[in-house]
Chemist: 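Structure in structure tokens, see below.
Read the numbers this way: they start at 1 and go in the same order the structure lists the ligands and their atoms. Sequential numbering from 1 along the given sequence is applied to the chain's residues.
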Amino acid sequence: MNTTLKRAVGPAVAAGLLVTALATPAAAQTPGSTVFRLFGSAYLSARAGVANEVTATVDGGRLILTDTKGLAVGGGCIRLSPTSADCGSVTSTGRLSVGLGDGDDSFKGSTISLRTLVDAGLGKDNVATGSGGDTVGVSDGVGNDTVDCGAGSDLVFRDAGDTIVNCEQRY
Ligand SMILES: [Ca+2]
Ligand SMILES: [Ca+2]
């Protein structure tokens with residue numbers, strides 16, 4: 001490596017190591033996912049390194065999101081417990097977007113009619129969406145995922161070998 005490149009890369013590498021060192025002790029207490037609302041849509045974003053078990057249900061007209069690995073609750077959602085949150089009136093919610101990140105994750109939302117987008121990311125994932133027109137992505141290069149898109153006209157991005165049920169359009 002020449003001197004100029006060393007100078008440019010050195011501090012960035014050092015900063016990266018510092019962040020990793022600081023993050024490690026707190027990791028055990030860090031929630032598995034963060035939920036929030038933005039522009040009338042609800043979001044759940046999983047943290048890296050977690051095998052998330054996520055559900056979406058409707059209770060009394062409210063959209064309830066859970067992750068057994070714990071939730072951080074952002075704007076527009078109300079904490080119900082360490083693992084669940086009320087993310088607003090389902091009729092005022094345009095759609096639900098879920099990013100499961102890496103790990104062997106599951107998403108169960110088969111009882112809801114809200115349009116749902118699930119990016120299952122890496123790992124062996126199990127995704128079940130409801131009666132809305134849903135979009136599910138399990139194309140991580142490995143054919144070991146399972147998807148049930150439920151009723152409605154649904155779209156899936158998958159690999160050969162993935163088990164796909166009830167998804168009308170497959171890419
Ligand atoms: Ca994950
Ligand atoms: Ca569906």
Chemist: Do Ser106 and Asn126 have side-chain atoms, one donor and one acceptor, less than 3.5 Å apart?
Modeler: no
Chemist: How wide is the angle at the Ca ion (ligand 1) spanned by Asn52 OD1 and Val50 O, rounded to 10 degrees?
Modeler: 80°
Chemist: Identify the heavy atoms of Thr93 and Arg37 that sit nearest to each other, and give their distance.
Modeler: OG1-NH1, 2.7 Å
Chemist: I'd like to verify the contacts: list protein N, O or S atoms under a distance of 3.0 Å from the Ca ion (ligand 2).
Modeler: Gly130 O, Gly132 O, Asp134 OD2, Cys149 O, Ala151 O, Asp154 OD1, Asp154 OD2
Chemist: Indicate whether any N or O donor in one side chain lies under 3.5 Å from an N or O acceptor in the other, for Arg158 and Thr163.
Modeler: no
Chemist: Would you mind telling me which of Leu96, Val54, Asp86, Leu80 makes a side chain to side chain contact (heavy atoms under 4.5 Å, CB included) with Leu65?
Modeler: Leu96
Chemist: Name whichever N, O or S atom of Asp105 ends up nearest to the Ca ion (ligand 1).
Modeler: OD1
Chemist: State, to 0.1 Å, how close Pro31 and Ala72 come at their nearest heavy-atom pair, and which atoms those are.
Modeler: CB-N, 3.5 Å
Chemist: Evaluate whether atom CG of Asn144 has more than 12 neighbouring non-hydrogen atoms of other residues, nucleotides or ligands under 6.0 angstrom away.
Modeler: yes
Chemist: Out of the N/O/S atoms in Asp102, what is the name of the one closest to the Ca ion (ligand 1)?
Modeler: O
Chemist: Do Thr66 and Thr83 meet the criterion of a side-chain donor-acceptor pair at a distance under 3.5 Å?
Modeler: no
Chemist: Is the Ca ion (ligand 1) less than 3.0 Å from an N/O/S atom of Gly123, whether that atom is in the backbone or a side chain?
Modeler: no
Chemist: Where do Thr111 and Ala56 come nearest, in terms of heavy atoms and distance?
Modeler: OG1-O, 4.3 Å
